[in-house]
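Some notes on the structure that comes next.
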Amino acid sequence: MSRYEPAVIEAKWQQAWAEAQIFAARHDPARPKYYVLEMFPYPSGRIHMGHVRNYTMGDVVARYKAAQGFSVLHPMGWDAFGMPAENAAMATGVHPKDYTYGNIAEMKAQMAPLGLSIDWSREFATCDPEYYGQQQSMFIDMLNKGLVYRKAAVVNWDPVDMTVLANEQVIDGKGWRSNAPVERRELTQWFFKISDYSGELLAALDGLTQWPEKVRIMQANWIGKSRGIEVTFPLTAPVAGLTALVCYSTRPDTLRAASFIAISPDHSIAKELAATDPELAAFCEECRRIGTSEELLEKAEKLGRDTGLTVSHPIYPDRKLPVWIGNFVLMDYGTGAVFGCPGHDQRDLDFARKYRLPVSKAFDLPGGTPELADVALVPPKTEPVVYIDHFAGITAATSAEGIDATIDWMDAHGLGKGQTRYRLRDWGISRQRYWGCPIPVIHCDTCGVVPEKKENLPVELPYDVTFDIPGNPLDRHPTWRDCTCPVCGAAARRETDTMDTFMDSSWYFARFTAPHAKTPTDLAEAAYWMNVDQYIGGVEHAILHLLYSRFFARAMHATGHLPAKAIEPFNALFTQGMVTHEIYKTTDDNGRAVFHLPEDIRKLAIDGNVVTVLKSRLTDIGIDPETLEIPEDALDAITLLAEMQVEVVPSAKMSKSKKNVVDPMNIIGSFGADTARWFVLSDSPPERDVEWTASGAEATNKHLTRVWTLCTRIGDMPADHKGEGDDALTRATARAVHEVTQGIEGFAFNKAIAKLYEFTNILSKSNASTRAMQAAMQTLAQLMSPMTPHIAESIWASVGGVGLCAQAPWPKADPALLVDDTIILPIQINGKRRAEISVPADLAAAEVEKIALANEDVQKFLAGATVKKLIVVPGRIVNVVI
RNA sequence: GCCCGCGUGGUGAAAUGGUAGACACAGGGGACUUAAAAUCCCCAGGCCGCAGGGCCGUGCCGGUUCAAGUCCGGCCGCGGGCACCA
């Protein structure tokens, strides 16, 4: 061994692994399998630190499990459809296909030097016709199975660009390119019946014990199970063909205090009234401009208009309630009408105060009767309340009990049917875009909407399309749209909508088990490899991607594409934190934020303060940003610097638009892949965000160099060196094996690495025999190999390891070496640490008590006081209470 | 607005309810060197004290407990998701 030269050894060992083909997943029924998967990337063209972190974590697991003797599947692919390719096409004229495959080639080339143990023979991109053709085939199966249907749904419509906009493309209610106010437009679209599975998807969360609790809670809330009842309010006079308004409510126990009805601006009554009332029509139109996202609707100021209509209260028919149109009522949820109860709902109270609607209460708190002002009375449902003149005779109960009792009573008295509902809505998959999987259906004037014949799959995207004008190029393609009806053979039109890219990512994990099968999956392969044993990805996917995948696995099972055991496809989930970085922000003349690249920024110290400015501004006032040489005549300019401050926002999510993306290739180039891998694992616990810092990589590199030097030194030791401390080193080695193993098992890579630092420090200070030192070094190489596989191989080879370190069985710690004979017990007096004693590890508690009380320091603090209580926690602590 | 999470030294962090700050970065001191870099050794939560040592300390307020960073309640701040970003 000579110097530590990562570039040399990394290339060498990567080649050795490739030649031995040790990462090819083998279907070996004799061995247990382990499927580790990282969420596959969108091919943006550049890998970023988040990718490095994600794939390194997966690689640690994959290499560790392989060393444990599992047959490991660790694949990689590309989530390749989506808007960015079309945006690039519009911006630069490059074709989405060329753009995407070009990016894939670039990213793959950037991933190669990381030395990941990936089985590249299974690689695919979702935009490969071979992949999306199988997706189309499954779509048809699911359509035939009744899992897919069409219905009208609203989209954001840009009236200038004449195109549908994603929520992301709507900025302050305006189209991102046209800047025109966005409209809401109804289109007939395809939907998956995910809501049919609401109950099952919710119930099955309990079985996902290896998922983070928070993800299960988020999914449960998203599915949103509620028990409620539909309450019918008869209209005083019929309108729009309706004689009553039906409102779904989860709080019928507050029905007594209902004071108004609010209906959606899209409700049929609202539409009917708007037809003859221009002012009301304008209001409804205004409501629709808010947008389609739940966030915007919830945040918008609550506005309403009195329709002049009234309904009578179902329990107290003499009471007439006004019917309002409210911008907060969604047509998609429930019935598009709700009853307002200002006494016990904050939003309703705000609304009632604003429009001077009556406010009353249905219950009080047991202790008293607070006057309602601007805060609604909404106690936790588990706490007791005292009902006021409850129509079902309920007096005091928790509101949870009150709700149930009210529903039961109303059910029994024919006032409605108690029901369980879910918030989860069906999954709309139609996208009016080119770069996605074509929906394989045909519109025929006589036969209606019919699926394409399977033998005609894949329905391939045409290459000859243009992006010079906005909108879906498939719509205006001269010939692609034209086809013949697969049923009657008459001239017909292809569906020009493509599928939501969430479809592509909802089954790729299954495809990896047989990536080139002529059917969507190969059941024998799926039966062996599924489920994914460890799935790793960003927490931003906690709800949508993971929920859709759970649903899709069930839909695939229902259509015979997955075995029953795979309906929950991810056994264990780990959600990693993001890699963040500072952002540099200034504001333009219009008040909009402008972001700057790190290389355009200069930080300089002036009078002890760090000033962050744009290099270009320095140049403007005559200061060279590189040398910081200040010409005489520019001295006054320094005083201007404070006003030029760039706003520095720490820990911001890395994104292209914020210009704070760090390129991992630079670190790999200067320090090597092992340094990059070690750093992203060492600096923060995996589930937490980690802020990228340049100094971290340097420090890591120093450490690896130290390990290398240490290994060289041990290699140079005379073979017969006796030394001393072999026993201590053996114990330290066993402890390192134990703790590093625990760290990896527990997804605490940062802790595993801390233990490796500790062990390395012990090893470098040890003066044990050559034999013991070499054995310890060999174990160190193995323990490091999941994180830093290249340097581990070199060390392994130099201290006599047989074969490849990557194929060596994981070391085991002798439990006998892990326990110490004597331990140090701290002694607390009234909870404060005052002394410590050294005792045999297995000493009986009674003996520990004696020694503790006899201790000189303890006696000093006791000062003759009586001991009220003495707590001995074996092996941990003694607490004396006086 | 709603749902979820996070908050510990100058920094990243560690701590089955049981010695808060392991491990590392930045920093300080020293060795080596003509010098610097590199390397090695030592110090290091804050305050008081020459020292032995003492007091305070895990975003804030309160509670449970012999014992709370950890559990409970209420706040504050930051981050993620909100169904067409992936």
**Prompt:** Which pairs, with at least one residue in residues 183-194 of chain A and sequence neighbours excluded, count as a salt bridge (Lys or Arg N to Asp or Glu O under 4.0 Å)?
**Reply:** Arg184(A)-Asp266(A)
**Asked** Using the benzene-type ring in the case of Trp, are the ring centres of Phe192(A) and Tyr149(A) under 6.0 Å apart?
**Response** no
**Prompt:** Does a side-chain N or O from Ser684(A) land closer than 4.0 Å to OP1 or OP2 of rG12(B), or not?
**Reply:** no
Sequence neighbours left out, cut at 3.5 Å: what donor-acceptor pairs do the side chains of residues 696-705 of chain A make with other protein atoms?
| unit_1 | atom_1 | unit_2 | atom_2 | d |
| --- | --- | --- | --- | --- |
| Thr700(A) | OG1 | Gly696(A) | O | 3.1 |
| Asn701(A) | ND2 | Phe671(A) | O | 3.3 |
| Asn701(A) | ND2 | Thr675(A) | OG1 | 3.1 |
| Thr705(A) | OG1 | Asn701(A) | O | 2.8 |

**Asked** How would you list, by chain and number, every residue that makes a ring-ring contact (aromatic ring centres under 6.0 Å, His included) with Phe679(A), sequence neighbours excluded?
**Response** Trp692(A)
**Message:** Rounded to whole Å, please give me the gap between CD in Glu687(A) and P in rA13(B).
**Reply:** 10 Å
**Whole-Å P distance, rA37(B) and rG5(B)** = 49 Å
**Spacing of Asp689(A) atom CG relative to rC78(B) atom P, expressed in whole Å** = 15 Å
**Ring centroid separation Trp507(A) to Tyr131(A) under 6.0 Å** = yes
**Asked** Over how many whole Å does the gap from Asn327(A) atom CG to rG1(B) atom C1' extend?
**Response** 12 Å
**Complete:** To the nearest angstrom, the CZ-P distance between Phe574(A) and rG80(B) comes to 18 Å
**Message:** Rounding to an integer number of Å, can you tell me how far Phe679(A) CZ sits from rA26(B) P?
**Reply:** 12 Å
**Complete:** Residues passing the side-chain contact (heavy atoms from CB on, under 4.5 Å) test with Leu544(A), sequence neighbours excluded, are Trp222(A), Phe502(A), Tyr548(A)
**Prompt:** Looking at residues 186-196 of chain A, who's got a heavy atom less than 4.0 Å off RNA chain B?
**Reply:** Gln189(A)
**Message:** Taking the P atom in each of rC48(B) and rG10(B), what is the distance between them to the nearest angstrom?
**Reply:** 15 Å
**Item:** Gap in Å between the two P atoms, one belonging to rU70(B) and one to rG57(B), rounded
**Value:** 13 Å
Protein N or O to nucleotides 2-10 of chain B N or O, pairs below 3.5 Å:
| unit_1 | atom_1 | unit_2 | atom_2 | d |
| --- | --- | --- | --- | --- |
| rC3(B) | O3' | Asn221(A) | ND2 | 2.7 |
| rC3(B) | O2' | Asn221(A) | ND2 | 2.7 |
| rG7(B) | OP1 | Arg688(A) | NH2 | 3.4 |

**Message:** Set out, in order, the CA-CA distance, both residues' side-chain angles and the distance that settles salt bridge (Lys or Arg N to Asp or Glu O under 4.0 Å) for Arg735(A) and Glu739(A), then state yes or no.
**Reply:** CA-CA 6 Å; Arg735(A) 211 160 36 240; Glu739(A) 286 172 340; 5.2 Å; no
**Asked** Among all residues two or more places apart in sequence or in another chain, which pass the side-chain contact (heavy atoms from CB on, under 4.5 Å) test with Pro212(A)?
**Response** Lys214(A), Val215(A), Leu573(A), Thr575(A)
**Sugar-phosphate only, base, or nothing, as touched by Val164(A) at under 4.0 Å among non-hydrogen atoms** = base
Measure all distances between protein nitrogen or oxygen atoms and nitrogen or oxygen atoms of nucleotides 17-22 of chain B, and list the pairs falling under 3.5 Å.
| unit_1 | atom_1 | unit_2 | atom_2 | d |
| --- | --- | --- | --- | --- |
| rG18(B) | N2 | Asn879(A) | ND2 | 3.4 |
| rU19(B) | O2 | Arg833(A) | NE | 2.8 |
| rA22(B) | O2' | Glu758(A) | OE2 | 3.0 |

**Message:** Could you spell out the base pairing of RNA chain B as a dot-bracket line? Use Watson-Crick and G-U wobble contacts where both distances are under 3.5 Å, [ ] for crossing pairs, | for partners on a different strand.
**Reply:** (((((((..(((.....[....))).(((((.......))))).((((....))))..(((((..]....))))))))))))....
**Request:** State which residue, out of Thr100(A), Asn87(A), Asn472(A), Thr498(A), fulfils the side-chain hydrogen bond (donor to acceptor under 3.5 Å, both in side chains) condition with Trp435(A).
**Result:** Thr100(A)
May I have the list of side-chain donor-acceptor pairs in residues 865-882 of chain A shorter than 3.5 Å, sequence neighbours left out?
| unit_1 | atom_1 | unit_2 | atom_2 | d |
| --- | --- | --- | --- | --- |
| Asn879(A) | OD1 | Gly831(A) | N | 3.2 |

**Request:** Consider only side-chain N and O atoms of Asp500(A) and Trp427(A), and report whether a donor and an acceptor are under 3.5 Å apart.
**Result:** yes
With the criterion being N/O to N/O and under 3.5 Å, what pairs connect the protein with nucleotides 68-74 of chain B, and how long is each?
none

**Request:** Could you say whether Asn761(A) or Ser764(A) is positioned toward the 5' end of RNA chain B, judged by the nucleotide with the nearest heavy atom to each?
**Result:** Asn761(A)
**Message:** Tell me if rG9(B) is syn or anti. Syn = glycosidic torsion within 90° of 0, anti otherwise.
**Reply:** syn
**Item:** side-chain contact (heavy atoms from CB on, under 4.5 Å) against Ala166(A), all qualifying residues, sequence neighbours excluded
**Value:** Met83(A), Gln169(A), Arg433(A)
**Request:** Assign Phe502(A) to base, sugar-phosphate, or nothing according to its heavy-atom contacts below 4.0 angstrom with the strands shown.
**Result:** base
**Protein-nucleotide distance (Asn54(A), atom CG; rA86(B), atom P), rounded to Å** = 18 Å
